[in-house]
K.L.:
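Could you have a look at this structure, given as structure tokens, before my questions?
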Amino acid sequence: MNTLAKLELPKRWELLEQRAHAAGLDTGLFVERVDSAADRIDYLLQRVKTGGGGLFEVFYGLSGSGKTTFLKTLPKQFQNIRVLSFPKDLPLRALPAFIHDKFVPGDSSARVVLVERRDNPSQDDLQQLSETFAELLEVFRDPKGAALVLWPVTREVSAKQIAGEAWITGRDSMADTQSKGFYHFHGLPKERFYSVADATTRNLTGDGLETFGVTTEVAVDLLGGTETIADFFNAVDLFAESQREKTWSVLKSKVRARLWIVLPGDLPSAIRSTVLSLTQGSRNRVDIELVAEFIDQPDDKAPLYVSDWKARRSAMAHLLRAVDLRLFELPPNVSLAAVRALGEPSAKAKLKQQAMKLEDAKATMRNSKLYKEIELELGINTTPYAGANRDVEETANEYRRIQALAAKGDKSLNKALGKLLAECLKEDAPKVDVKSEKSSLPNCDLKPDVCLHLGDLDYVCIEPTWRSTDKGIPGELEGGQNTLAASHMKKYLLDKAMQYIKALDL
């Protein structure tokens, strides 16, 4: 089964509304103003306000042009406006009474009534036009009927028939003299389709279209065969799915190696600051746009991996998500718990407190963000991550003592971390096989520091990079360079990711 992330791009207003509601998002995040249509609505509302009566207009536009989305979001585009929907399950002849009954005394807001879900009017609707408009004309002449009535329609013949009947029935007492009740909604211009699609998927998934292989260059080609924004969304969806399948066809024949970089350090505040600056969302995924800026800077003396990335720049976002690049903080108390409980004697010898009960060490690991994410990936019920640790100088100094070993080789530290993860997962997820230190993955040359085999050819590859701030221990360890800085980590992330991408032939 293809486990790569799938593009989310709802093509109809109803689906978008449901998805936004499920994610707790405001639908206004997904909508761009259609200036020409907004100006038209503003003009019609002014006519209702100054004329004192109601007004009717057909909103004609192709299916998928964005009529419903535009009309449903009018309250976000205009102040002091109330939008009411005339239900589909009521006969059309009930429209005048509906408008009359929905009048609220003392309410100064402008009223817009949408004739909903009749974009393709039935014969029954069309046969009721004459009777409906005769009654509607009477309601429009009543102060309780001061409303703008809009009917979105996708068939031009039906739209003109409805507008014609309204004009014949009431002329300027029913419709605007310029349009005679017929407005052609064209939707957004094509050059804005990409930005709307990008904002939609970015808000729903946290990633823009480039992550799914749809660059601005690709979008230009896709635009050529589209008339409406829904057409474009469909074309984007099909292209993204083809890219997803293409990438998966490579991974499934080799291995699904998810690259999770782990950042142990001496000060939780410094680790947290770096991780937050380089990731996005609650799942610790690396902020692709941020690391891309690093690649895009002109540099004639750039290291090899930067040159490799420049050659793959258009596919960068897609590739980084294909290897599921993430960055996790590992506070010093977790690192120390692993070494004290399961570390080699040479590592323990550096510490003032050299021992820790295994059960206490496992409890410490289980409270970490890294372990919570592993549980989430495995579908294990888990309590939320409790939050960050405080800086404690004594703990920081103990970490600095073992981190000094990493300069000569971090093998023993990685082993201790892998063993502690193995001990926890032995109880929580017995089917997961944990191997530490340079065990080769099948079908490629990758040798992760710590490897979690989830099943089949699916692996989480944990690559710790042991770092610290520039603070030493007075009289014991000299301070050095602050290797926890975000600038250092950007380079490491991109270099390590390129190693994985090359090994996987992506």
Side-chain angles (χ1 to χ4, degrees), residues 34-61 67-68 70-119 121 124-153 156 158-185:
V34 182
D35 293 331
S36 56
D39 291 344
R40 181 63 186 166
I41 294 294
D42 187 49
Y43 167 79
L44 294 173
L45 289 173
Q46 289 298 323
R47 269 218 50 190
V48 171
K49 183 177 179 180
T50 56
L55 206 60
F56 174 86
E57 187 140 289
V58 173
F59 244 60
Y60 162 69
K67 299 185 303 300
T68 302
F70 172 78
L71 295 171
K72 282 286 193 176
T73 55
L74 285 176
K76 300 183 185 300
Q77 304 177 57
F78 294 89
Q79 294 183 339
N80 202 29
I81 188 174
R82 187 160 58 105
V83 176
L84 304 168
S85 293
F86 176 62
K88 169 70 173 173
D89 55 3
L90 291 179
L92 187 63
R93 65 174 68 91
L95 176 62
F98 175 85
I99 295 168
H100 184 275
D101 294 343
K102 291 295 181 180
F103 174 76
V104 178
D107 184 1
S108 62
S109 58
R111 274 195 303 163
V112 176
V113 177
L114 302 181
V115 181
E116 247 200 316
R117 295 167 59 198
R118 285 179 166 89
D119 293 45
D124 195 37
D125 288 334
L126 296 176
Q127 288 170 4
Q128 294 179 46
L129 288 177
S130 180
E131 177 187 350
T132 300
F133 285 137
E135 290 295 323
L136 187 58
L137 184 60
E138 294 303 314
V139 170
F140 277 174
R141 289 169 173 165
D142 188 302
K144 293 183 179 180
L148 172 60
V149 181
L150 301 173
W151 187 343
V153 179
E156 187 173 6
S158 300
K160 288 184 173 179
Q161 181 181 345
I162 295 166
E165 189 69 38
W167 180 252
I168 290 170
T169 301
R171 296 182 69 82
D172 62 339
S173 295
M174 176 73 75
D176 176 54
T177 53
Q178 294 178 345
S179 66
K180 295 185 179 179
F182 179 91
Y183 175 73
H184 190 168
F185 177 84

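For clarity, every value in this text was computed on a predicted model and none was experimentally measured.
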K.L.:
Any side-chain heavy atom of Phe182 within less than 4.5 Å of one from Trp167?
P.N.:
no
K.L.:
Quick one: pull up OG in Ser36 and NE2 in His184 and give me the separation to the nearest 0.5 Å.
P.N.:
10.5 Å
K.L.:
Compare every heavy atom of Ala134 with every heavy atom of Thr169, then report the nearest pair and how far apart it is.
P.N.:
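Reported closest heavy-atom pair: CG2-N, 3.9 Å.
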K.L.:
Search all heavy atoms of Arg117 against all heavy atoms of Lys88 and return the closest pair with its distance.
P.N.:
O-CD, 3.2 Å
K.L.:
Distance check, rounded to the nearest 0.5 Å: Leu148 atom CG versus Leu74 atom CG?
P.N.:
8.5 Å
K.L.:
Are the side chains of Val112 and Leu45 in touch, meaning some heavy atoms are under 4.5 Å apart?
P.N.:
yes
K.L.:
Using a 4.5 Å cut-off on heavy atoms from C-beta on, say whether the side chain of Glu138 contacts that of Asp142.
P.N.:
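Asp142 vs Glu138: side chains apart.
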K.L.:
I'd like to know whether Val113 forms a side chain to side chain contact (heavy atoms under 4.5 Å, CB included) with Lys102, so could you lay out the CA-CA distance, the side-chain angles of the two residues, the decisive distance to 0.1 Å, and finally the verdict.
P.N.:
CA-CA 10 Å; Val113 177; Lys102 291 295 181 180; over 6 Å; no
K.L.:
Do Asp124 and Leu92 have side-chain heavy atoms sitting under 4.5 Å apart?
P.N.:
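When only atoms from C-beta onward are counted, Leu92 and Asp124 do not touch, as no gap falls below 4.5 Å.
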K.L.:
Specify the closest pair of heavy atoms between Phe56 and Phe140, including all atoms of both residues, with the distance to one decimal.
P.N.:
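Looking at all heavy atoms of both residues, the closest pair is N-CE1, 3.8 Å.
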K.L.:
Identify the two heavy atoms, one from Ala175 and one from Arg47, that lie closest to each other, and give their separation to 0.1 Å.
P.N.:
O-NH1, 3.7 Å
K.L.:
Verify whether one side chain among Thr73 and Gln77 offers a donor that lies under 3.5 Å from an acceptor in the other.
P.N.:
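Yes, a side-chain donor-acceptor pair sits under 3.5 Å.
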K.L.:
Report yes if the side chains of Leu114 and Thr68 come closer than 4.5 Å at any heavy-atom pair, otherwise no.
P.N.:
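When only atoms from C-beta onward are counted, Thr68 and Leu114 do not touch, as no gap falls below 4.5 Å.
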K.L.:
Val149 versus Phe86: any side-chain heavy-atom pair under 4.5 Å?
P.N.:
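Result no, sub-4.5 Å side-chain heavy-atom pair not found.
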K.L.:
Identify the two heavy atoms, one from Phe133 and one from Ile162, that lie closest to each other, and give their separation to 0.1 Å.
P.N.:
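Between these two residues, the closest heavy atoms are CE1-O, 3.6 Å.
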K.L.:
Within the 4.5 Å heavy-atom criterion, are Thr132 and Asp125 side-chain neighbours or not?
P.N.:
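Result no, sub-4.5 Å side-chain heavy-atom pair not found.
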K.L.:
Please examine the side chains of Gln161 and Pro121, heavy atoms only from C-beta on, and report whether any two atoms are closer than 4.5 Å.
P.N.:
no
K.L.:
Can you name the nearest heavy-atom pair linking Leu136 to Pro96, along with the distance?
P.N.:
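Here Leu136 and Pro96 meet closest at N-CG, 3.6 Å.
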K.L.:
Nearest 0.5 Å please: distance from the CD atom of Glu131 over to the CZ atom of Arg93.
P.N.:
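It comes to 5.0 Å.
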K.L.:
Looking only at atom types and distance, does a side-chain atom of Arg111 sit under 3.5 Å from a main-chain N or O of Ile99, one as donor and one as acceptor?
P.N.:
yes
K.L.:
Mind checking the CZ-CZ spacing from Phe185 to Arg40? Nearest 0.5 Å is all I need.
P.N.:
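Phe185 atom CZ to Arg40 atom CZ measures 13.5 Å (nearest 0.5 Å).
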K.L.:
Between Lys144 and Phe103, is there a donor-acceptor pair closer than 3.5 Å when you use the side chain of the first and the backbone of the second?
P.N.:
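Not at all, since once roles are kept as given, no pair shorter than 3.5 Å links the two residues.
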K.L.:
Has Arg118 got a side-chain atom pairing as donor or acceptor with Pro87's backbone, closer than 3.5 angstrom?
P.N.:
yes
K.L.:
Atom NZ in Lys160, atom CD in Glu156: separation rounded to 0.5 Å?
P.N.:
4.0 Å
K.L.:
To the nearest 0.5 Å, what is the distance between CG on Leu137 and CZ on Arg141?
P.N.:
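That separation rounds to 4.0 Å.
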K.L.:
Testing the 3.5 Å rule here: is there a donor-acceptor pair between the side chains of Asp176 and Tyr183?
P.N.:
no
